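Read through the structure below, which is laid out as structure tokens, and then see the notes.
Whatever order the structure lists ligands and atoms in, that order sets their numbers, starting from 1. These numbers were taken from a predicted model, which means no experiment stands behind them.
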Amino acid sequence: MIEYNVIVLAAGQGKRMNAGKNKQFIELLDEPLIIHTLKNFIQDSWCQHIYLVINPNEIKQMEELIATYYWQEQITFVHGGSERQESGYKGLLAIDEAKQDMVVMIHDGARPFVSETQLHELARIAKEKQAALLAVPVTDTIKRKANDKIETLDRSTLWAAQTPQAFDYHLIKKAHEKAVESGYLGTDDVSLVEALGEQIEIVRGTYQNVKLTTPEDIMQAEIILERQEE
Ligand SMILES: Nc1ccn([C@@H]2O[C@H](COP(=O)(O)OP(=O)(O)OP(=O)(O)O)[C@@H](O)[C@H]2O)c(=O)n1
Ligand SMILES: C[C@](O)(CO)[C@H](O)COP(=O)(O)O
């Protein structure tokens, strides 16, 4: 067993979902997206605590939602920032010293389908290697377009990064501090550790671990949930 803490990021605006509200509150088969995501960690005995990073304007709504599931003891609310990276850093700063020797995972609240098997494999690798992420081989051919020049990337070398991304606490905190100092803004947390020149391990995930970003993703998510309930 590898004990870990998880920072769940839910402080975005869901602009691409175009739902008129934070997509975390969109109901999937009668339960909000964020609840589906949190359940994966609430039900995992390896997960010691959840740091839920939320929009300060949504504190009351989120606290009332969490209270209906009686999860208050397992969850600490953290105020997020204007960028995903800032929200992740605020989550790190909320973890008290007594818990900093454990693996820390950073996860998108918009990814409700991570499995316990994946979480445990990720925790094991992160404990051993200090930095790891779930990812899947790219199945589409990827083109890079720059200055009207199009080139095809070597698909055999490409992986689609997912979350959770898991780390030694002190390593990822140092990576975030360096990013703040240099003004680097990445789209995931592993990129900050790459900037330190540190080794990172990929743990093969599943194509089901999708990030719900646009309205089309909601339909796909409900199909996955219905299959899980069969
Ligand atoms: N300032 C931010 C931005 C994003 N996130 C979280 O990071 C995850 C991945 O981000 P994304 O899917 O882009 O969510 P949004 O930023 O809400 O979406 P959009 O970019 O369409 O507004 C989401 O769970 C989101 O809530 C966050 O905690 N704080
Ligand atoms: C972290 C991530 O989910 C890895 O694929 C992705 O970069 C998040 O991107 P977003 O635009 O913040 O959703």
Side-chain angles (χ1 to χ4, degrees), residues 6-26 28 32-41 50-59 61-62 65-66 75-94 104-114 118-119 122 126 131-140 142 158-167 172 175-176 179-180 184-195 200-218 220-221:
V6 63
I7 296 166
V8 177
L9 301 174
Q13 297 176 46
K15 294 191 290 285
R16 288 169 287 180
M17 189 60 78
N18 201 24
K21 62 181 179 180
N22 183 349
K23 63 188 177 184
Q24 306 296 331
F25 296 107
I26 291 176
L28 302 173
L33 166 56
I34 190 59
I35 294 298
H36 289 284
T37 300
L38 290 170
K39 273 182 185 174
N40 296 308
F41 299 100
I50 297 167
Y51 295 84
L52 181 55
V53 186
I54 60 176
N55 184 320
N57 301 325
E58 296 168 351
I59 281 267
Q61 187 178 1
M62 196 64 91
L65 176 62
I66 295 304
I75 294 176
T76 296
F77 293 102
V78 180
H79 289 184
S82 58
E83 297 292 341
R84 182 187 182 282
Q85 183 171 308
E86 188 184 354
S87 292
Y89 187 36
K90 284 171 172 266
L92 287 169
L93 296 177
V104 61
M105 295 191 184
I106 304 177
H107 185 59
D108 297 330
R111 289 184 188 267
F113 299 125
V114 63
Q118 290 168 8
L119 293 174
L122 186 65
L133 76 155
L134 291 179
V136 288
V138 167
T139 55
D140 294 320
I142 304 296
L158 299 177
W159 290 76
Q162 300 177 339
T163 70
Q165 301 186 351
F167 308 92
I172 187 61
H176 268 269
V180 169
Y184 177 78
L185 186 61
T187 53
D188 76 346
D189 297 279
V190 157
S191 63
L192 310 188
V193 177
E194 291 165 36
I200 291 129
E201 294 294 322
I202 284 179
V203 175
R204 185 165 182 148
T206 69
Y207 292 100
Q208 184 168 287
N209 182 23
V210 294
K211 179 165 65 75
L212 306 191
T213 308
T214 64
E216 296 77 12
D217 297 326
I218 297 296
Q220 182 187 4

Exercise. For atom 13 (O) of ligand 1, what's the nearest protein heavy atom and its distance?
Worked result: Arg16 NH2, 2.6 Å
Exercise. Does Ala110 offer a backbone N or O that forms a donor-acceptor pair with the side chain of Asp108 under 3.5 Å?
Worked result: no
Exercise. Considering only the protein, which heavy-atom contact is closest to atom 24 (O) of ligand 1, and what is its distance?
Worked result: Leu9 O, 2.7 Å
For this session: Take Val104 and Tyr51 through the side-chain contact (heavy atoms from CB on, under 4.5 Å) test and state the conclusion after the steps.
Result: CA-CA 10 Å; Val104 61; Tyr51 295 84; over 6 Å; no
Exercise. Backbone or side chain, does any N or O of Thr213 fall under 3.5 Å from an N or O of ligand 1?
Worked result: no
For this session: May I ask you to identify the nearest protein heavy atom to atom 10 (O) of ligand 1, giving residue, atom name and distance to one decimal place in Å?
Result: Arg84 CD, 4.4 Å
Problem set entry | Glu194 (side chain) donor-acceptor with Ile200 (main chain) under 3.5 angstrom | no
Exercise. What protein heavy atom sits nearest atom 5 (N) of ligand 1, and how far away is it?
Worked result: Gly12 N, 3.5 Å
Problem set entry | Heavy-atom nearest neighbour in the protein, as seen from atom 28 (O) of ligand 1, with distance rounded to 0.1 Å | Ala11 N, 2.9 Å
Seminar exercise, completed: For Ser82, the ligand 1 atoms with a heavy-atom partner under 4.0 Å come out as 1 (N)
Exercise. Counting only heavy atoms, which portion of Gln24 has something under 4.0 Å from ligand 1: side chain, backbone, both, or neither?
Worked result: side chain
Problem set entry | Atom pair CG/NE2 of Leu28 and His36 - distance to nearest 0.5 Å | 4.5 Å
For this session: Find the distance between NE2 (His107) and NZ (Lys211) and round it off to the nearest 0.5 Å.
Result: 11.5 Å
For this session: Spell out, as yes or no, whether a donor-acceptor pair under 3.5 Å connects the side chain of Asn209 to the backbone of Arg111.
Result: no
For this session: Please check if the side chain of Asn22 supplies one atom and the backbone of Ala10 the other of a donor-acceptor pair under 3.5 Å.
Result: yes
Seminar exercise, completed: A student checking ligand 1 against Gly81 at a 4.0 Å heavy-atom cut-off should list atoms 1 (N), 2 (C)
Exercise. Which option, His107, Gln13, Lys23, owns the non-hydrogen atom nearest atom 12 (O) of ligand 1?
Worked result: Lys23
Exercise. Should Asp189 and Arg84 count as an ion pair when the cut-off is N to O under 4.0 Å?
Worked result: yes
Exercise. To the nearest 0.5 Å, what is the distance between CG (Leu133) and CZ (Phe167)?
Worked result: 7.5 Å
For this session: Side-chain contact test, heavy atoms from C-beta onward, threshold under 4.5 Å: evaluate it for Ile7 versus Ile50 and give yes or no.
Result: no
For this session: Write down, by chain and number, every protein residue that brings a non-hydrogen atom to less than 4.0 Å from an atom of ligand 2.
Result: Arg16, Arg84, Asp108, Arg111, Ala161, Thr163, Thr187, Asp188, Lys211
For this session: Indicate yes or no for a side-chain donor-acceptor contact from Lys23 to the backbone of Leu212 under 3.5 Å, with no hydrogens or angles considered.
Result: yes
For this session: Return a yes/no value for Val53: is any of its N or O atoms, backbone included, closer than 3.5 angstrom to an N or O of ligand 1?
Result: no
Problem set entry | Atoms of ligand 1, numbered as shown, that sit under 4.0 Å from any heavy atom of Gly109 | 24 (O)
Problem set entry | Protein contact to atom 9 (C) of ligand 1 [nearest heavy atom, distance to 0.1 Å] | Asp108 OD1, 3.5 Å
For this session: Return the residue, atom name and 0.1 Å-rounded distance of the protein heavy atom closest to atom 29 (N) of ligand 1.
Result: Ser87 OG, 2.8 Å
For this session: Return yes when Gly14 approaches ligand 1 closer than 4.0 angstrom through a heavy atom, no otherwise.
Result: yes
Exercise. For atom 22 (O) of ligand 1, which protein heavy atom lies nearest, and how many Å away is it?
Worked result: Lys15 N, 2.7 Å
Problem set entry | Heavy-atom check, side chain of Ile34 versus side chain of Leu52, under 4.5 Å | yes
Exercise. Any N or O on Met17 sitting closer than 3.5 Å to an N or O of ligand 1?
Worked result: no
Exercise. So, do Met105 and Thr163 sit near enough that their side-chain heavy atoms are less than 4.5 Å apart?
Worked result: no
Problem set entry | side chain to side chain contact (heavy atoms under 4.5 Å, CB included) partners for Ser87, two or more places apart | Leu9, Ala11, Val53
